[in-house]
Colleague: 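Structure provided below as structure tokens; questions to follow.
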Amino acid sequence: MRHERQVLICPECQLARDWKADLDRCPRCRSTFLLSRLGEVECHSCGHIRPQTSPCPAPDPDPALTNAVEQALSRALRGLSFLPADRTHH
């Protein structure tokens with residue numbers, strides 16, 4: 001987690017710099033193995049659970065990434081448009 005938000009770090013970024021320095025840490029054991037769910041943050045290393053504080057506002061989305069995701073979803077869902085609208089049997 002970083003700034004109270006779940007994040008994925010791409011392999012290139014993992015090789016390029018000390019990416020763990022930016023991650024949130026458990027206040028009890030200092031682990032970065034954290035999970036956010038339903039307003040709580042749980043440490044998978046020691047089991048400590050604490051309330052989640054308000055996360056920082058989400059950054060503005062990258063238009064190129066948004067477009068790439070939209071195109072991928074369109075390709076993936078294209079086959080679903082051929083299913084009949086009403087699949088109930090009378």
Side-chain angles (χ1 to χ4, degrees):
M1 291 184 52
R2 185 171 168 225
H3 303 293
E4 296 283 322
R5 300 179 68 98
Q6 294 285 154
V7 294
L8 296 174
I9 310 296
C10 76
E12 290 178 16
C13 291
Q14 291 179 24
L15 295 173
R17 61 187 187 87
D18 182 16
W19 57 275
K20 284 189 176 183
D22 295 336
L23 298 179
D24 296 345
R25 294 190 173 273
C26 173
R28 180 185 290 165
C29 72
R30 305 301 298 155
S31 170
T32 59
F33 195 23
L34 305 174
L35 174 69
S36 172
R37 66 171 177 260
L38 300 174
E40 295 180 330
V41 176
E42 180 180 355
C43 175
H44 279 278
S45 295
C46 72
H48 178 70
I49 297 174
R50 65 170 175 81
Q52 184 176 14
T53 60
S54 298
C56 297
D60 291 333
D62 178 352
L65 178 60
T66 301
N67 186 39
V69 170
E70 287 175 353
Q71 289 178 5
L73 284 171
S74 177
R75 286 190 303 272
L77 300 175
R78 189 172 294 135
L80 296 178
S81 65
F82 296 111
L83 295 176
D86 183 12
R87 298 180 64 179
T88 60
H89 299 286
H90 299 285

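On a predicted model such as this, the values are computed, not experimentally measured, just so you know. No hydrogens, no waters, no symmetry mates; every other heavy atom, side chains included, goes into these values.
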Colleague: Can you measure from NE2 (H3) to CG (L23) and round to the nearest 0.5 angstrom?
Modeller: 9.5 Å
Colleague: Hey, does the side chain of Q52 reach the backbone of E4 with a donor-acceptor pair shorter than 3.5 angstrom?
Modeller: yes
Colleague: If we only count heavy atoms from C-beta on, is the C13 to W19 side-chain gap below 4.5 Å?
Modeller: no
Colleague: Roughly how far apart are L34 CG and E40 CD, rounded to 0.5 Å?
Modeller: 13.0 Å
Colleague: To the nearest 0.5 Å, how far apart are CZ in R25 and NZ in K20?
Modeller: 8.0 Å
Colleague: Measure the spacing between CG of D24 and CD of Q6 and express it to the nearest 0.5 Å.
Modeller: 9.5 Å
Colleague: Let me know which of N67, T66, L65 forms a side-chain contact (heavy atoms from CB on, under 4.5 Å) with V69.
Modeller: L65
Colleague: Could you tell me if the side chain of P27 sits less than 4.5 Å from the side chain of H48, heavy atoms only?
Modeller: yes
Colleague: Count I, L, V, M, F, W, Y as connected when their side-chain heavy atoms are under 4.5 Å apart, and connections chain through other members. Are V7 and L35 then in the same cluster?
Modeller: no
Colleague: Given side chains that start at C-beta, do those of C26 and C46 come closer than 4.5 Å, heavy atoms only?
Modeller: yes
